[in-house]
2 protein chains.
Amino acid sequence: MNSRRASAAPQAKSAAASASPWRARRRDREVKREAVIRAAARAFNHKGYHNTSLDDIAAALEVTKPTVYYYVTNKEHLLFQCFLAGVEPIRAAFREVKDRQATGRERLSAVLRHYGEAVASEFGWCMVRAEDQDLSPAMSRHIKALKSEIDQGIRRLIREGLEDGSIGSCDPKMTAFALAGALNWIAHWYREDQSLTPAEIAAAFVTLFEGGLQPRSASQAAPRASLRRRVRIAR
Amino acid sequence: MNSRRASAAPQAKSAAASASPWRARRRDREVKREAVIRAAARAFNHKGYHNTSLDDIAAALEVTKPTVYYYVTNKEHLLFQCFLAGVEPIRAAFREVKDRQATGRERLSAVLRHYGEAVASEFGWCMVRAEDQDLSPAMSRHIKALKSEIDQGIRRLIREGLEDGSIGSCDPKMTAFALAGALNWIAHWYREDQSLTPAEIAAAFVTLFEGGLQPRSASQAAPRASLRRRVRIAR
DNA sequence: TAGAATATCTACTCATGAGTATGATCGAGC
DNA sequence: GCTCGATCATACTCATGAGTAGATATTCTA
């Protein structure tokens, strides 16, 4: 009860003190604000949004609730910030591939790799699970818009792949749903099973998306008869 | 305020009254219990578990909260029942394909089709989103066990497909995660976008899983150069 | 038709958690 | 040393919602 504020924030006010103390203060504040967001993300990851109280978050930072409120306006705002932190890398991925000279499929795969890594990141859960039901109409609209932007971006890359022949015939909408869904779902199991790095997972997924389950070429149409066991006379 | 209990349950006590009234009562009770579960599922679908109060559920049934508690023990039990109702068709799908003489991939695809339809069903959301964090340790264990059973079932079918040559080289674990994830995610968007039936969605997904994005055969390695636009001199 | 189940309601308790009013403290500049 | 603004804590308010106690209605049985 008396060991509080042991390490609320690194408080690294070392070098670069040349600027006005005002500036330093402001930076300090920003650093702490981000620490609050990050702590919230971790707590949401661990216990879920609704099972996390602001007291929990405060406790994790070794401060009290009013201190948290000093940096963020309310709980849903906190979730919203986590969401933004989560989607930003994905939007960056889209921007990045825009300038790339490659087929639609290649650019799509690049985006999906970043997407997968983002979902497995610290903010992945919040991004994937930020629900309109938990947010005010205004924020809900904002989040929906961002989600839609990403969805449309994926569909566009798919269409471009269809046009340049790098992607085989498919429905862009359903395909986008399937790809994004598989990646989003990573947030559900990655906490428990961290046997692979986010990059490895993303790579494995993209490989599957590209090639599908069917064996390429060769033995495709003729499964080795010797292994066709399981004939079971059950009925 | 005085029009309550308009239609709490069909109350079909018509024929088959031959049995003892005891039996009739019991059936009645069971019917109503299922109506409660169903109402809960609908409410959870619509507003999410945490944003749904038992008063909401009661109101939807045009009864009061104690009446709901007369049929179920508590809120988490309600979620658990919804979960069970959601997974049962999937377990049935596994049982069904067990007796089927087909390649691993064919059996896997059959299961995935049922899986997709189950996720798009009334209980899909509850099944997919029942979180351990919201449940007591005992129920959490139970749900985890069922989820694991399904996961292992998918992996097994994948391994069998690998063995009989109907599935190309892949990591069963990651592949199972990707497939299940894509399908689970249907629950997130199906409420808003019902332009396709669950069966159509499942079919589209399975087609994608099987074939992948790359075009089969033919023009695969050589995208039509004429369409390779987008050379953009941005950097 | 009395009485026993069965089914439902009214009117609570109680805990939790979001958000706040108010005051203490601390560091910087004068 | 004093003041002022930034920061943080104590100690609340207040609404919501899970779950219950006990009364009441309804239906079946004897």
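Lettering of chains follows the sequences in order, A, B, ..., and the numbering in each one begins at 1. Everything quoted here is computed from the prediction, not taken from an experiment.
Note: B:Trp185 and A:Phe177 fail the aromatic proximity criterion, with ring centroids not under 6.0 Å apart.
Put simply, CG on A:Leu61 is 15 Å from P on D:dT7, counting in whole angstrom units. Remark: P of C:dC12 and CG of B:Asp55 are 16 Å apart, rounded to the nearest angstrom. Remark: P of C:dA15 and NZ of B:Lys75 are 19 Å apart, rounded to the nearest angstrom. In this structure, the CG atom of B:Asp134 is 14 Å from the C1' atom of D:dA18, given to the nearest Å. Atom-to-atom, CD of B:Glu62 to P of C:dC9 comes out at 11 Å; the value is rounded to the nearest Å. Rounded to whole Å, the distance from CG on A:Asn51 to C1' on C:dA18 is 15 Å. In this structure, CD of A:Glu76 is placed 13 Å from C1' of C:dG19, rounded to the nearest angstrom. With rounding to whole Å, B:Tyr71 atom OH is found 19 Å from D:dG19 atom P.
Of the candidates C:dG19, C:dA7, D:dA21, the closest approach to any side-chain atom of B:Lys32 belongs to C:dA7. Between C:dT20, D:dA9, D:dG19, one nucleotide has an atom nearer to the side chain of A:Thr64 than all others, and that is D:dA9. For A:Pro66, the side-chain atoms get nearest to D:dT10 when compared with the rest of C:dC9, C:dG19, D:dT10.
For C:dC9, the OP1/OP2 oxygens have a side-chain nitrogen or oxygen of B:Thr67 closer than 4.0 Å. The phosphate of D:dT7 (OP1 or OP2) has a side-chain N or O of A:Tyr70 nearer than 4.0 angstrom. At the phosphate of C:dA7, OP1 or OP2 sits under 4.0 Å from a side-chain N or O atom of B:Arg29.
Remark: the B:Asp134 side chain and the B:His50 side chain contain an N/O donor-acceptor pair separated by less than 3.5 Å.
Taking the ring centre of A:Tyr69 as origin, the terminal cationic atom of A:Lys75 falls outside the region bounded by 6.0 Å and 45° from the ring axis. A cation-pi arrangement, defined by a distance under 6.0 Å to the six-membered ring centre and an angle within 45 degrees of its axis, is absent between B:Arg33 and B:Tyr70.
Relative ring orientation between B:Phe205 and B:Phe209 is described as perpendicular, the plane-to-plane angle rising above 60° on a 0-90° scale split at 30° and 60°.
Within 4.0 Å of A:Thr73, counting heavy atoms only, lies no atom of the nucleic acid at all.
At a cut-off of 3.5 angstrom, counting only N and O atoms as typed in the model, there is a donor on one side and an acceptor on the other between the side-chain of A:Lys65 and the base of C:dA18.
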